[in-house]
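Down below is the structure, laid out as structure tokens.
Keep in mind that this is a model prediction, so the values were computed, not measured.
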Amino acid sequence: QVQLVESGGGLAQAGGSLRLSCAASGRAFSQYTMGWFRQTPGKEREFVAAITSNGDRRGYTDSVKGRFTVSRDNIKNTMYLQMNSLKPDDTAVYYCAAKGSYAIYDKDYQYDYWGQGTQVTVSS
């Protein structure tokens with residue numbers, strides 16, 4: 001089992017930056033594909049980015065390509081999401097998730113473990 005805790009959310013102005021972290025504990029972090037999702041009230045959870053277990057492949061939803069970067073540190077058992085050029089549409093609760101397999105997964109039902117989420121609010 002893997003426990004996930006997100007941090008780094010908060011308030012940013014449009015055009016600004018935030019870096020989210022997802023700290024993992026439990027079974028070998030380096031064996032898991034990790035993903036970021038986000039959700040706003042009344043909407044389904046949306047895929048944002050994912051990174052494979054060894055970090056050699058990354059995937060992004062179109063709306064964040066060129067602005068967000070997903071990375072991981074398998075020594076620190078932590079995944080990151082660097083968010084630049086933030087827009088008000090990026091406002092959401094951001095969740096990290098883990099999948100015990102090697103691939104880029106972009107559907108929430110494909111993931112096995114979830115964090116509690118961290119709020120990101122971008123003001124215009």
Subject >> Close side-chain approach of Met79 and Trp36, heavy atoms under 4.5 Å >> reply: yes

**OP:** Output every pair passing salt bridge (charged side-chain N to carboxylate O under 4.0 Å, His left out) with a member in residues 67-80, not counting sequence neighbours, ordered by first then second residue.
**Re:** Arg67-Asp90

Original post:
Is there a side-chain contact between Val120 and Leu18, using heavy atoms and a 4.5 Å cut-off?
Top reply: yes

**OP:** Only pairs at least two apart or in different chains count here, so list each ring-ring contact (aromatic ring centres under 6.0 Å, His included) that has a residue in residues 51-99.
**Re:** none

**OP:** Please examine the side chains of Thr91 and Gln119, heavy atoms only from C-beta on, and report whether any two atoms are closer than 4.5 Å.
**Re:** yes

Subject >> Lys107 backbone acceptor or donor facing Gln110 side chain under 3.5 Å >> reply: yes

Original post:
Do Leu20 and Thr118 come close enough that some side-chain heavy atom pair is under 4.5 Å?
Top reply: yes

Original post:
Judged by atom type as modelled, is there a donor-acceptor pair below 3.5 Å linking the side chain of Ser30 to the main-chain atoms of Asn74?
Top reply: no

**OP:** Evaluate whether atom CD of Gln3 has more than 12 neighbouring non-hydrogen atoms of other residues, nucleotides or ligands under 6.0 angstrom away.
**Re:** yes

**OP:** Could you tell me whether the side chain of Glu6 and the main chain of Gln116 form a donor-acceptor pair under 3.5 Å?
**Re:** yes

Original post:
What pairs of residues pass the ring-ring contact (aromatic ring centres under 6.0 Å, His included) test when at least one of them lies in residues 5-33, not counting sequence neighbours?
Top reply: none

Original post:
Looking at CG of Asp106 and CD of Glu46, how far apart are the two atoms once the value is rounded to the nearest 0.5 Å?
Top reply: 11.0 Å

Subject >> Ser101 backbone acceptor or donor facing Thr33 side chain under 3.5 Å >> reply: yes

**OP:** Could you tell me whether Lys99 sits above the aromatic face of Tyr105, with NZ or CZ closer than 6.0 angstrom to the six-membered ring centre and within 45 degrees of the axis?
**Re:** yes

Original post:
In Å and rounded to the nearest 0.5 Å, what is the OG to CD distance from Ser17 to Gln82?
Top reply: 5.5 Å

Subject >> Residue pair Arg38 / Val64, side-chain heavy-atom distance below 4.5 Å >> reply: yes

Original post:
Asp62: what forms a salt bridge (charged side-chain N to carboxylate O under 4.0 Å, His left out) with it, not counting sequence neighbours?
Top reply: Lys65

Original post:
Do Gln31 and Tyr102 have side chains that get closer than 4.5 Å, going by heavy atoms?
Top reply: no

**OP:** Under the side-chain contact (heavy atoms from CB on, under 4.5 Å) rule, collect the residues that match up with Ser7, sequence neighbours excluded.
**Re:** Ser21

Subject >> Listed once per pair and sorted, the ring-ring contact (aromatic ring centres under 6.0 Å, His included) pairs that draw on residues 39-58, sequence neighbours left out >> reply: Phe37-Phe47

Subject >> Nearest-0.5 Å distance, OG of residue Ser71 to CE of residue Met34 >> reply: 11.5 Å

Subject >> Side chain to side chain, Glu44 and Asp108, heavy atoms closer than 4.5 Å >> reply: no

